[in-house]
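Just the heavy atoms: all of them, side chains too, but no hydrogens, waters or symmetry mates, feed the values below.
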Amino acid sequence: IGAKSSEVPIVAIQLYIKGGHRFENKNQAGIAELMTSMLNESTTKHSAEELDELLERLGSEIDIDHNGEDIIVDISTLTKNIDTTLSLAEEILFHPKFDAEEFDIVKNQQLESIANQATQATVIAANVYAKLLYGNENIMGIPLLGTEATVSNLNLEDVKKYYAESLSPSMTTAVVVG
């Protein structure tokens with residue numbers, strides 16, 4: 001899908017990769033969140049800080065997230081920097097470092113987010129509604145972040161395996177505006 005816009009010299013790209021929460025094993029609920037968080041960290045060539053600095057100098061942004069059905073890669077850049085930004089996006093997607101220390105930090109942040117959500121009435125209501133709607137045996141009845149039990153049991157090897165099995169060009173849709 002593409003749309004041409006010449007008002008400002010910016011290109012925005014979104015990649016939708018079928019993956020996300022709906023494709024998780026219910027015993028590994030939250031693994032898509034861990035994986036996308038890890039993809040936003042270091043690569044084999046650059047640290048997360050170096051990537052942030054490079055992107056800032058280019059006036060570009062690359063962010064990887066997920067929802068119920070997709071892993072979403074958001075790329076925004078000045079038109080003149082598209083080639084360099086896409087090279088960095090390729091590095092982020094295909095050469096993640098999967099560092100053990102970064103994994104521990106990301107996992108702890110996710111567990112803290114799960115604990116924090118247990119204090120928010122709207123999140124509690126949404127989780128109860130999903131459980132009523134989908135039941136206990138369906139992944140969609142479990143929160144996107146997973147549960148304390150499922151996330152606590154995940155390790156870096158689980159995330160690497162999910163990454164290897166989840167990212168596929170044949171399951172990707174690209175939307176480009178610029």
- Message: To the nearest 0.5 Å, what is the distance between OG1 on T150 and CD on E24?
- Response: 8.0 Å
- Item | A174 versus L15, closest heavy-atom pair with distance | CB-CD2, 3.6 Å
- Message: Quick check on E50: does its CD atom have over 12 non-hydrogen neighbours (other residues, nucleotides or ligands) under 6.0 Å away?
- Response: yes
- Message: Between E41 and K97, does any NZ, NE, NH1 or NH2 come within less than 4.0 Å of an OD or OE carboxylate oxygen?
- Response: no
- Message: Any carboxylate oxygen within less than 4.0 angstrom of a Lys/Arg side-chain nitrogen, looking at E53 and R57?
- Response: yes
- Query: Can you tell if the side chain of V176 reaches within under 4.5 Å of the side chain of V11, non-hydrogen atoms only?
  - Reply: yes
- Task: To the nearest 0.5 Å, tell me how far F23 CZ sits from E165 CD.
- Result: 13.0 Å
- Salt-bridge contact E137-K26 (side-chain N to carboxylate O under 4.0 Å): yes
- Query: Taking all non-hydrogen atoms of both residues, which atom of G146 and which atom of V151 are closest, and how far apart?
  - Reply: CA-CG2, 4.3 Å
- Message: Using every non-hydrogen atom in the two residues, find where L144 and G68 come nearest and quote the distance to one decimal.
- Response: CD2-N, 4.3 Å
- Looking only at heavy atoms, the pair that brings L145 and Q110 closest together is O-NE2, 2.7 Å
- Task: Identify which one of T84, T85, L88, I62 satisfies the side chain to side chain contact (heavy atoms under 4.5 Å, CB included) criterion when paired with L54.
- Result: L88
- Item | Shortest non-hydrogen separation from A89 to I75 and the atoms involved | CB-CD1, 3.7 Å
- Query: How long is the span from the CG atom in L86 to the CD1 atom in I92, to the nearest 0.5 Å?
  - Reply: 11.0 Å
- Student check: side-chain heavy atoms of E91 and L51 closer than 4.5 Å: yes
- Query: Got a second to check how far N116's CG is from L111's CG, nearest 0.5 Å?
  - Reply: 12.5 Å
- Item | Side-chain heavy-atom pair E102, S42 within 4.5 angstrom cut-off | yes
- Spacing of OG1 belonging to T77 relative to CG belonging to L55, to within rounding of 0.5 Å: 8.5 Å
- So, do T122 and I124 sit near enough that their side-chain heavy atoms are less than 4.5 Å apart? no
- If you draw a 6.0 Å radius around CD in E148, do more than 12 non-hydrogen atoms from other residues or ligands fall strictly inside? no
- Query: Are I13 and V8 connected in a single hydrophobic cluster, I mean Ile/Leu/Val/Met/Phe/Trp/Tyr linked by side-chain heavy atoms less than 4.5 Å apart?
  - Reply: no
- Query: Which value, rounded to the nearest 0.5 Å, describes the distance between L93 atom CG and I64 atom CD1?
  - Reply: 4.5 Å
- Item | L78 side chain near S60 side chain, heavy-atom distance below 4.5 Å | no
- Task: For K107 and L34, work out which heavy atoms get closest and say how close.
- Result: CA-CD2, 3.7 Å
- S76 and E61: side chain to side chain donor-acceptor pair (under 3.5 Å), yes or no, with the steps? CA-CA 5 Å; S76 176; E61 293 180 14; 5.7 Å; no
